[in-house]
Amino acid sequence: MTKTIRVAVPGPFPEPLDYLVPLRMPLPPRGSRVRVPLGRRELVGVVTAAPTTSNLPSDRLRTIITVLDDEPLLDEEMTSLIEWAAHYYHHPPGDAYLAALPVRLRQGQPAEPAIESAWAITAEGREINPHALERRAPRQAALLEALQAEGSLSTARLAGFDGDARGALQRLVERGLASLTQAPDYGLILGRGEESNLTLNEEQVEAARAIQPGPGHEVVLIDGVTGSGKTEVYLDAIARALTQGLQTLIIVPEIGLTPQLVRRFQQRLSGRIAVLHSGLGDGERLNAWLAARAGEADVIIGTRSAAFVPLPRPGLIVIDEEHDASLKQQEGFRYSARDLAVLRAHRLDIPVVLGSATPSLESLENVRRGRYTCCRLRQRAGEARPPVIQLLDMRGQPTQDGLSRPLVEQIQRHLQANGQVLLFLNRRGFAPTLICHECGWLAECDRCDARYTYHRGRRRLQCHHCDRDRPVPHHCPSCGSVDLRPLGLGTERIETALQAAFPDTPPARIDRDSTRRRGSFERQMEAARRGETRLLLGTQMLAKGHHLPAVTLVAIIDADQGLFGADFRAPERLAQLVVQVAGRAGRAERAGEVAIQTHHPEHPLLQMLVHGGYPAFAEAALAEREAAGLPPARAMALLRAEATSREAPQAFLKSALAEAPHDPRVERLGPYPAPMERRAGRYRAQVMLQSDLRAPLQNLLTQWLPALGSLPEARRVRWSIDVDPAETL
DNA sequence: AGCACGCCGACT
DNA sequence: GTCGGCGTGCTC
């Protein structure tokens, strides 16, 4: 009798599909991969169950092609985590399963690490004096000497020897002096476990004490101002996990996973470290993942997708910069790495640490409700004093390409005092658009409800919302005038203005355009760290986690764009940005200054930040969300739709809403057009669902969504659901 | 999602 | 007469 198994295959299937396993094959257990036929394709899927019966008659079931893993690739903890996430985020389980695996495993390649060949010294080889060989076989002698010193030589190491090293080694093998060995190469980094030269201060000791790796679940929020040494607290806790023989998973935002951070972990921790980031090749990713699964890696540092790394001996999970929006996947399987990590820690019964200088309102709300323990770190290292924030009122001020007089003078002062200045503007290019001075024509993208950004260096107009890129017109397409002028501010323009204002201090511009080349971002930051660059200017990239100890002045060129954003989280983002950027200043003995240029100095958000800092802002923002009935006070989900016609998304959402089960506890808003209705040639609209409690909203979605696919209007749109959206755009 | 089938328009 | 456009439907 043949057996039936349930297989999660990639595709829009709400449930795994059933297949037969022929008698000659071993029955693959839950969590192992199989290759299966689907239509006329062959796919890799993950076994989720071995049911006794199928919903379909067995003559309609097809037979699996091969069993790819005899042992489960994913243990029960992983399979149930993935299934929970697929259910919670209303994403097809097959896609969720495959998204959780490294590409190579998704493609059906064996779950085996790279094998490294190496030549090892034999007992006999140790006894021989290499010089005895020297005359007739100098190459063998050199290699034997190296083998005696190093124990073994990897293939890569052979490059350091002259001539035919392989041949000479072969000779040594024949003489029984060396042997060819094969060992898995997980590509792990070996920690050096060096002692710290600084001791934890009182606050840090208390925070570290709140984190007890190993059995016992607790969520610890480390609310620590920049420079307060959050990382030292992590390192202390990770070191204790290591001594207990337990693994630590550290999740950091994409931009925060720098070589600098990895070096620091390597220097201070004593275990074997696996790093998982986007720059890795498929093979390296697979190795790191397998190292974690095999328990070979003691510490795993990774970005969002590392939330799905298997941990056979888990002891601790750390989420750094827990407020960062990049921890939420923005398309496809829209999971939050932070929320999943907290869930995992709960299920594994281990502690999880959330760290941030500007915690998310979600986490602060959890602290308020007593779900999370909060440790505050207010003391900055080296007695550095908190920066002084001041608002520069731009109203009626003459400006030179966005720089007001007072700001120019302030920069001057800092440069003369041998300080370092960092200017921040969250818009790259020269100007956000080009305008005709004669008729007012604006360079607008024809595929988006947005303007072209003028890039003067490249002499192009570029749309930052789609891939459009075109030459700058010589004259106005509307009236023919040649008087086309840049309108608004971008980093290129500020760079020009700085060059003019400070001819003796060349500015370094750091944005996506200037750091396109591989490694150039790191190089520029390194130059800044050494103090070679005194004047830095850049976007978001500049704000995150890079230590620039000599910065004395930080300027935010334009705070106004963040004050009036369409997204309800825009103020939160601005506040976080201001605080993070401000944290770059005054880390050494000098107190830093922060200058914020704005046309709305009286704005309550800015006032709050200047006078009460982030805690005051967060408290006010939480109260506001409560009053407005927005997250984290209430649960939210977004049904989005997009199509090439303006009507189709609206029509789909309308009939979708008509199908929605009625529940007075779930509020519905819309359909309404997305804040930027047209993007990359597609019109977008959405429906917002909100509820005081998660459960009714979840239940409604569970009942509602399966029916949406069969709506006639659904075929004219691309639609998706976003649970706990990070952005409502 | 991917891939077939099928039914209408312009072309070697 | 065919090549190919993308609407429609299915995959255990």
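What's counted below: heavy atoms across the whole structure, side chains too, no hydrogens, waters or symmetry copies. Proteins get letters first, then strands, A, B, ... in listed order; numbering begins at 1 in each.
- Taking atom CG on A:Asp18 and atom P on C:dC12, their separation rounds to 11 Å, with Å as the unit.
- Atom CZ in A:Arg718 sits roughly 12 Å away from atom P in B:dG2 (whole-Å rounding).
- Classified by interplanar angle (parallel below 30°, tilted 30° to 60°, perpendicular above 60°), the ring pair A:Trp84/A:Tyr89 is perpendicular.
- Atom-to-atom, CG of A:Leu43 to P of C:dC10 comes out at 19 Å; the value is rounded to the nearest Å.
- As a whole-Å value, the separation of A:Ile5 CD1 from C:dC12 C1' is 11 Å.
- Residue-level contact check: A:Pro37 touches the backbone only, with heavy atoms under 4.0 Å from sugar-phosphate atoms and none from bases.
- Rounded to whole angstrom, the span from the CD atom of A:Glu42 across to the C1' atom of C:dT11 amounts to 14 Å.
- Note on A:Arg41: every side-chain N or O is 4.0 Å or more away from OP1 and OP2 of B:dC3.
- Under 4.0 Å is where a charged nitrogen must lie from a carboxylate oxygen, and between A:Glu77 and A:Arg347 no such pair does.
- Taking every side-chain heavy atom of A:Arg715 into account, C:dT8 is the closest of C:dT8, C:dT11, C:dC12.
- Straight-line distance from the CG atom of A:Asn55 to the C1' atom of C:dT11: 16 Å, rounded to whole Å.
- Here A:Leu61 lies in heavy-atom contact (under 4.0 Å) with sugar-phosphate atoms only.
- The existence of a salt bridge linking A:Arg634 and A:Glu667 is confirmed by a sub-4.0 Å separation between a basic side-chain nitrogen and an acidic carboxylate oxygen.
- For the pair A:Leu38 CG and B:dA4 P, the interatomic distance rounds to 13 Å; values are reported in whole Å.
- A:Thr539 and A:Asn426 form no side-chain donor-acceptor contact under 3.5 Å, judged by distance and modelled atom types alone.
- Distance A:Leu20 CG to C:dC12 C1': 9 Å, rounded to the nearest Å.
- With DNA chain B read from its 5' end, the first of the two nearest nucleotides for A:Arg40 and A:Pro12 is the one closest to A:Pro12.
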